[in-house]
Amino acid sequence: MAGFLTGYQTMDLLASLTFGIVIATNVRALGVSAPRDVTRAVCGAGVIAGVLMMAVYGGLCVVGYELSADLATVTNGAVVITASASAHFGIAGTAIVAAIFLLACLNVCIGLISCCGSYFAEELPSVSYRACALAFAVFSCAVSNLGLDAIISFSATLLGALYPPAIVLVAMGLLRRRCDAVPAVWPWTVGVTVAVSVAEALRDALAPALALPLDALPLAGMGLGWVLPALLAAALSSALSVLLRRRHARA
């Protein structure tokens with residue numbers, strides 16, 4: 001469970017919600033127009049990416065296991081990866097890791113800056129795409145110089161608030177037809193999840209010792225206190241929508 005929660009810091013799920021739009025757009029640009037075919041192509045790409053990421057993270061697990069005793073006090077994985085590469089390949093290993101980090105982060109940065117710039121340029125017609133992209137690039141450059149430990153410390157709270165709603169959105173997206181049949185389930189389920197996750201994230205950031213009623217929820221001790229409220233919100237909103245629909249039908 002610690003690995004699952006720490007996985008929030010990879011931001012893979014949050015990025016997929018953004019990059020999925022880019023991938024779908026490119027699939028359509030290649031001549032695939034039917035929604036079902038687009039979905040099939042995107043899912044195929046997701047399977048391939050998932051297999052490759054599983055191999056990468058499996059390798060990282062091996063590296064972490066091998067160096068866990070020697071590097072028990074380090075605060076982030078970058079130190080572990082660099083130490084492993086240096087131990088195996090010397091200075092060349094350090095250079096390889098630097099190149100890998102550069103390439104891996106560069107494509108993610110370009111993709112996110114482009115997507116965020118496009119989104120805000122559409123939402124704010126008075127601001128050009130170039131200005132939006134430049135603003136995100138400058139802000140990201142400034143934040144990146146704070147250091148990985150500081151970024152992780154800052155982002156942990158934010159990701160703790162964002163990830164549960166993202167997980168709920170993905171799960172509901174997989175059941176989109178059933179959820180669309182009961183429109184009220186979307187705002188209620190996501191809204192309740194946001195309220196719970198934000199409350200817990202603020203408590204963890206500002207007053208870790210503060211006890212909340214949410215702590216009594218099942219799975220709360222594992223960092224998954226939002227699961228039951230999300231399920232209850234989905235069930236209650238669905239039941240209420242069905243009852244209201246039957247009442248209107250009788251009327």
Side-chain angles (χ1 to χ4, degrees), residues 1-18 53 57 60-61 64-65 67-69 71-80 112 116 139-140 142-175 178-179 182-244:
M1 188 52 63
F4 177 82
L5 296 177
T6 305
Y8 287 1
Q9 296 175 9
T10 66
M11 294 185 285
D12 290 330
L13 180 61
L14 296 178
S16 70
L17 295 175
T18 304
M53 291 183 69
Y57 286 126
L60 292 176
C61 287
Y65 175 77
L67 298 178
S68 59
L71 300 175
T73 59
V74 301
T75 56
N76 63 72
V79 177
V80 179
L112 286 176
C116 292
F139 174 78
S140 301
V143 172
S144 67
N145 284 281
L146 297 177
L148 185 56
D149 289 341
I151 293 174
I152 291 176
S153 177
F154 169 77
S155 64
T157 300
L158 184 61
L159 293 174
L162 292 178
Y163 244 91
I167 294 173
V168 169
L169 282 172
V170 170
M172 294 177 67
L174 295 173
L175 303 172
R178 296 185 178 181
C179 292
V182 189
V185 75
W186 287 95
W188 279 102
T189 305
V190 176
V192 168
T193 306
V194 168
V196 173
S197 62
V198 168
E200 292 182 341
L202 289 176
R203 186 272 307 275
D204 294 341
L206 302 177
L210 178 65
L212 294 176
L214 299 173
D215 296 335
L217 293 172
L219 303 179
M222 302 170 65
L224 299 176
W226 54 270
V227 173
L228 182 60
L231 292 175
L232 289 176
L236 292 176
S237 59
S238 298
L240 182 60
S241 296
V242 171
L243 290 175
L244 291 176

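We're numbering straight along the sequence, starting at 1. Everything quoted here is computed from the prediction, not taken from an experiment.
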Heavy-atom closest pair (Ser144 atom, Ile151 atom, distance to 0.1 Å) is CA-CD1, 3.8 Å

Leu71 to Val80 - nearest heavy-atom pair and separation: CD1-CA, 4.0 Å

Between Leu17 and Val170, is any pair of side-chain heavy atoms under 4.5 Å apart? yes

Kindly indicate whether the side chain of Val196, heavy atoms from C-beta on, has any atom under 4.5 Å from the side chain of Pro164. no

Quick one, Leu14 and Leu159 - any side-chain contact, counting heavy atoms below 4.5 Å? yes

Please report the closest heavy-atom contact between Gly160 and Ser197, naming both atoms and the distance. O-CB, 3.8 Å

Inter-residue atom distance Leu243.CG - Ser238.OG, 0.5 Å rounding: 11.0 Å

Non-hydrogen side-chain atoms of Met172 and Val190 separated by less than 4.5 Å: yes

Residue pair Ile167 / Leu13, side-chain heavy-atom distance below 4.5 Å: yes

Are Trp188 and Leu240 side-chain neighbours, meaning at least one heavy-atom pair lies under 4.5 Å? no

May I ask you to decide if Ala234's main-chain N or O and Ser237's side chain share a donor-acceptor pair within less than 3.5 Å? yes

Do you know which two heavy atoms are closest between Thr189 and Ala230, and how far apart they sit? CG2-O, 3.6 Å

